[in-house]
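The model shown is predicted, which means the values in this text are computed figures rather than measured ones. Below, chains carry the letters A, B, ... as their sequence lines are ordered, and counting in each starts from 1.
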2 protein chains.
Amino acid sequence: MNIKEISELCGVSTCTVSRVLSGRGKEYRISDKTAERIFRIAADTGYRPNYLAHSLNTGKTNSIGVVLANRLDSYLGGIVEGIESHLRGTEYQMVVATCDNSPDIEKEEVEQMLYRHVDGMIIYPLAPPREPAEAAMKYEAPPTSDEVPLVIVGRKASVEADEVMLGDYPAGQSVAQNFMAAGCRTFAVVTRARHCSSDYGRERGFVDALREAGVEQERITIIANRETPSEEEINRLKTAEAIFGVNSFLLLEYLEWLRRTKDISRLRLSSVGEVEGSELFDLLFEPLIMPSRQLGVEAARMLLWRIENPGAPCRHTEISLLVQ
Amino acid sequence: MNIKEISELCGVSTCTVSRVLSGRGKEYRISDKTAERIFRIAADTGYRPNYLAHSLNTGKTNSIGVVLANRLDSYLGGIVEGIESHLRGTEYQMVVATCDNSPDIEKEEVEQMLYRHVDGMIIYPLAPPREPAEAAMKYEAPPTSDEVPLVIVGRKASVEADEVMLGDYPAGQSVAQNFMAAGCRTFAVVTRARHCSSDYGRERGFVDALREAGVEQERITIIANRETPSEEEINRLKTAEAIFGVNSFLLLEYLEWLRRTKDISRLRLSSVGEVEGSELFDLLFEPLIMPSRQLGVEAARMLLWRIENPGAPCRHTEISLLVQ
DNA sequence: CTGAAAGCGCTTACAG
DNA sequence: CTGAAAGCGCTTACAG
């Protein structure tokens, strides 16, 4: 079934059919009877316009590319879900690709998206490389936004584009405040080596809030992890009454080691990201819930806005990430 | 940059360019110099063929639709990852949609995929409805495979199509055998109300293996959960030395209740699906790892095969799911 | 070995 | 109020 057959069945020309079916019958002042007949016949025959031909003509594909640095864990899954739910009901559909943390794949996938003529892209970018040497050799920023409307979500990238980020710094602050309110006197934060702006923001927020509250340097332990936990790190951790993990995986890893040398059941613990079954831990563990779905919703909302407003200056939105 | 401009730059016709660039220069016996010149100019100008025009002509979009019943948790995320990794390097790209467990959305998303002219689809279908009444009213099977090559993954659907399923029954058996090998004498299985074939397969495998090994009926407790755990259920569970959960969420839910009335640290536990941080539980817990990635890989492999072999009879593959 | 021409299914000035 | 015609960018018999 194509537009030509419809037009023959209706006894009108293809352009009339096209105009009516694209909802612009009124605009072209096509008579109501003609319009109705066209609608009815289209419905009866189960006509569906050809997406490819339509897009070829209009230059719009109604698809949004989503490129994600990592595999789909619950965090990225949440972002995707948020994007999808915001897009549902609009004319847009989502095309997803993940990059397995490889800059080459990221580049390729972005290319693919452009090749598919997506109307816009949402990118959760790779973390910048740890080693400067690596950086010089391999890293390339995602495409600049002049090719296509672009929103960066969840992690900074070296592109001028709209951004939707987590409120990492305030999250760190709020954890520190909770710990102090619970009466803790010595603190630790466990983080990855500091190349990732998200982790670093949380750490800074945490440490700054403590300092501002008058906690002395020697009561704050900072562990910037590179590989698996070392004995020296575990020893430093022992003195803390409260530990903040910039993410839950990392915290759990340390706890596994720590519990061998110390009773951890009275320790105050907090980290970013829920842990399923954590009720069984028997620990004073308060996870910060990742608002990943909300990140996705906001990113999609912003992208659609950007598509409508190509010229406007870049915007930055922050989604808050608080205890509870 | 389009094919016409290239042809003008090369001083040949558009069809010659098209033939060379589609890699069929030899076939049409186009001279090597011409071909080389075309390749060079195309590369120099950064020419990329127009995907939409190409697809409109060939009827192939090189895209695979993936429709998932639920949001992207780590299970479905794994499937998606498997599909994607198998597709990477081929000419195919993946379009994903999730359905939030709604039959209406599922139908709509499948429509969308057909509208987008996907070359094939992989569906993780909705669970069949629990109530027969609901069934009659709302449930509609995914599209039959005559519209487009189709692979059903992870859960049975009432369609005649290629399938990639988990080895649920053998998994249940292997858990039972492990429990018996560990010397347990009384057993329980916790499952959802039995509408889901996957859960039911696991339960049957478990129970059958016990029976075959001579375990009497009264030493096997079966709890088919509907809502939150009830007191009566917890009481029945107390007698068991080993508990098998058809999925880990469910098991954890019961353990939460059970631990209030009983020391669970010597209980043998097993369930399907890893739990992050489970090392901190201090329980005899052995999860069965979901081979979700493998499911995806296999589904993609099968779909590509099906695209090449439209007429062949339906195939069924089972991915094994064993302890460790 | 290569090209002119028709066609994929739709849209959109332009003309009436 | 409606249609003939050109065009989107590519492919592919057909003819030479």
* Do B:Glu163 and B:Thr317 have side-chain heavy atoms sitting under 4.5 Å apart? -> no

* **Sub-4.5 Å side-chain heavy-atom contact between A:Val151 and A:Met121** => no

Whole angstrom value for the distance that separates [atom2] of [N] from [atom1] of [X]:
X        : N      : atom1 : atom2 : result
A:Ile38  : C:dT11 : CD1   : P     : 12 Å
B:Lys60  : C:dC8  : NZ    : C1'   : 17 Å
A:Lys4   : D:dG3  : NZ    : P     : 15 Å
B:Tyr115 : C:dG9  : OH    : P     : 14 Å
B:Arg48  : D:dC10 : CZ    : P     : 11 Å
B:Leu21  : D:dG9  : CG    : P     : 16 Å
B:Glu5   : D:dC8  : CD    : C1'   : 13 Å
A:Ile3   : C:dC8  : CD1   : P     : 14 Å

* Structure fact -> CZ (A:Arg40) and CD (A:Glu36) are apart, to the nearest 0.5 Å, by 8.5 Å

Does the side chain of [X] get closer than 4.0 angstrom to OP1 or OP2 of [N] through an N or O atom?
X       : N      : result
A:Thr14 : C:dG9  : no
B:Arg19 : C:dC1  : no
B:Thr16 : C:dG3  : yes
B:Tyr28 : D:dC14 : no
A:Ser55 : C:dC10 : no
A:Ser31 : D:dT2  : yes
A:Ser13 : D:dA4  : no
B:Ser18 : D:dT11 : yes
A:His54 : C:dT11 : yes

* Quick one: label B:Ser22 by what it contacts on the DNA or RNA (base, sugar-phosphate, nothing), any heavy atom closer than 4.0 Å. => nothing

* To do: Scan A:Tyr51 against the nucleic acid and name what it touches under 4.0 Å (heavy atoms): base, sugar-phosphate only, or nothing.
  => nothing

* Considering only atom C1', compute the distance from D:dT12 to D:dG16 and round it to an integer number of Å. => 16 Å

Considering only NZ, NE, NH1 and NH2 on the basic side and carboxylate oxygens on the acidic side, decide whether [X] and [Y] come within less than 4.0 Å.
X        : Y        : value
B:Arg306 : B:Asp162 : yes
B:Lys26  : B:Asp32  : yes
A:Glu109 : B:Arg88  : yes

Among [options], the nucleotide that comes nearest once only the side chain of [X] is considered:
X       : options               : result
A:Leu56 : D:dG9, C:dT11, D:dG3  : D:dG9
B:Asn57 : D:dG9, C:dC10, D:dT12 : D:dG9
B:Arg24 : D:dT12, C:dT12, C:dT2 : D:dT12

* With both distances under 3.5 angstrom, what nucleotide forms a Watson-Crick or G-U wobble pair with D:dA13? -> none

* Structure fact -> For C:dA4, the nucleotide meeting Watson-Crick or G-U wobble distances (both under 3.5 Å) is none

